[in-house]
Amino acid sequence: MKRYKQCLYTVILILTCFIASPFIFVKVWMSSETKEAQSISKPPSVAAMAIVTTAETTEPPVTEPPTETAVTEPVTETGESGTYVSTTAQTTAVTTEVTTTTTAEAVFTQGDASYFDDALFVGDSRTVGISEYGSLKNAAYFCNTGLAPSKILEEKINGNTLGSLLASKKFGKIYLMIGINEVGNPYDDTVADIDEAVKAIRKAQPDALIFLEGNLHVTKSAQTDAISNERINELNKRISELSDGDKIFYIDVNPLFDDDKGNLRDDCTSDGVHVLAKHYSVWCEWLCMNEIQK
């Protein structure tokens with residue numbers, strides 16, 4: 001009997017499993033689909049959202065307009081005591097833009113002796129040599145041996161002062177070589193006297209071109225402590241600083257007569273200070289090669 005019951009229970013269990021198995025299978029399948037759907041619809045993580053946001057909000061760089069710089073400029077004011085610079089600063093904005101300006105400069109060209117029809121030569125014994133032995137006989141001359149810068153405005157030559165000669169006619173070009181006799185003196189004093197003469201010439205002849213000529217060197221043997229080519233070069237340098245490149249020009253004839261050491265060549269002179277008579281025509285030809293057409 002006991003064995004009969006065991007067999008009956010076994011048969012019932014088998015039938016129960018057979019009947020219930022379809023329902024169990026459907027339940028398991030539906031549960032797996034629900035989990036899969038939930039995993040697909042899950043929102044992205046914070047890190048993923050940050051990456052997406054960055055990608056979407058990235059924009060091209062913004063080009064800014066040129067910067068401006070504040071420049072402080074002094075303010076000129078006029079009060080009871082006259083015109084003065086105020087300590088109050090005025091600020092103006094200026095753009096950082098570079099502007100280039102060009103200045104027209106006169107060019108030395110080659111011409112002929114007719115250029116000197118309206119020229120005046122002023123100077124000491126070297127200029128006397130040009131007037132006597134040179135080829136520019138059409139020019140006017142105000143020159144004398146030993147003419148000093150300090151005396152140039154009051155010296156009388158052939159009945160004329162420089163002032164009266166400048167007032168007698170209109171000159172287009174005025175050449176000035178002076179200072180060799182004062183090369184041993186303080187440079188500042190000599191140049192101040194030359195500058196005063198230049199200003200007087202400019203006032204009397206405002207439209208004339210003024211040519212400041214460098215003083216001629218001396219030979220090596222003619223140099224002394226007071227008169228040396230080193231001192232002549234320094235004086236010439238300071239004279240050249242009076243030129244403005246517009247109506248006042250500096251010219252230097254020394255390379256025409258110098259040796260390779262910067263001394264007056266021995267074959268060009270008999271006294272070591274002045275060139276021989278035959279070389280003044282060469283000097284005049286050089287002047288014709290250094291004309292300025294304005």
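Values below: every heavy atom of this structure, side chains too, minus hydrogens, waters and symmetry copies.
In plain terms, the two heavy atoms of Gly179 and Leu235 that are nearest each other are O-CD2, 3.5 Å. Minimum interatomic distance between Phe108 and Ile251 (heavy atoms only, all atoms of both residues): CE2-CG2, 3.6 Å. Closest non-hydrogen pair, Ser243 versus Ile248, comes out as CB-O, 3.3 Å. Minimum interatomic distance between Leu166 and Gln205 (heavy atoms only, all atoms of both residues): O-NE2, 2.6 Å. For the residue pair Ile152 and Pro149, the shortest heavy atom distance occurs at CG2-O, 3.2 Å.
Using a 3.5 Å distance cut-off with no hydrogens or angles, the side chains of Asn158 and Asn160 do not pair a donor with an acceptor. Using a 3.5 Å distance cut-off with no hydrogens or angles, the side chains of Ser125 and His274 do pair a donor with an acceptor.
Lys237 is linked by a side chain to side chain donor-acceptor pair (under 3.5 Å) to Glu241, counting only residues two or more places apart in sequence or in another chain. In this view, Ser150 satisfies the side chain to side chain donor-acceptor pair (under 3.5 Å) rule with no residue, not counting sequence neighbours.
A side chain to side chain donor-acceptor pair (under 3.5 Å) check over residues 178-191, counting only residues at least two apart or in different chains, returns the pairs Tyr187-Arg231, Asp188-Arg238. Residue pairs meeting the ring pair (Phe, Tyr, Trp, His ring centres under 6.0 Å) criterion with at least one member in residues 197-238, sequence neighbours excluded: Tyr175-Phe211, Phe211-Phe249.
Few gaps surround CD on Gln293; more than 12 heavy atoms of other groups in view lie less than 6.0 Å from it. More than 12 heavy atoms of other shown residues, nucleotides or ligands fall within 6.0 angstrom of atom CD in Glu234.
None of Val183, Ile180, Ile178 except one satisfies the side-chain contact (heavy atoms from CB on, under 4.5 Å) rule with Asn215; the exception is Ile180.
For the pair Thr269/Val275, no side-chain contact is recorded, criterion being any heavy-atom separation below 4.5 Å from C-beta on. Side-chain atoms of Ile210 and Arg202, non-hydrogen and from C-beta on, do get closer than 4.5 Å to each other. Side-chain contact between Leu209 and Ile174 is absent, with no heavy atoms from C-beta onward closer than 4.5 Å.
The residues Arg265 and Asp267 are annotated as salt-bridged, a charged nitrogen and a carboxylate oxygen being separated by less than 4.0 angstrom.
To the nearest 0.5 Å, atoms OG1 (Thr145) and CG (Asp124) are separated by 8.0 Å.
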Using atom types as modelled, flag every donor-acceptor pair under 3.5 Å from a side chain in residues 276-288 to any protein atom, sequence neighbours excluded.
none

Residues 109-122, side-chain donor-acceptor partners within the protein, below 3.5 Å, at least two apart:
residue: Thr109; atom: OG1; partner: Glu291; partner atom: O; Å: 3.4
residue: Asp112; atom: OD1; partner: Ser114; partner atom: N; Å: 3.0
residue: Asp112; atom: OD1; partner: Ser114; partner atom: OG; Å: 2.3
residue: Tyr115; atom: OH; partner: Ile292; partner atom: N; Å: 3.1
residue: Tyr115; atom: OH; partner: Ile292; partner atom: O; Å: 2.8
residue: Asp117; atom: OD1; partner: Asn138; partner atom: ND2; Å: 2.6
residue: Asp118; atom: OD1; partner: Lys173; partner atom: NZ; Å: 2.8
residue: Asp118; atom: OD2; partner: Gly172; partner atom: N; Å: 3.4

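Follow the hydrophobic side-chain contacts under 4.5 Å out from Leu165 and you never reach Val128; the two are in separate clusters. Leu153 is connected to Leu176 through a chain of hydrophobic side-chain contacts under 4.5 Å among Ile, Leu, Val, Met, Phe, Trp and Tyr, so both are in one cluster.
The backbone N or O of Val198 lies less than 3.5 Å from no partner atom in the side chain of Lys203, so there is not a single donor-acceptor pair. A donor-acceptor pair is defined here as one N or O able to donate and one able to accept, closer than 3.5 Å; such a pair exists between the side chain of Gln223 and the backbone of Asn229.
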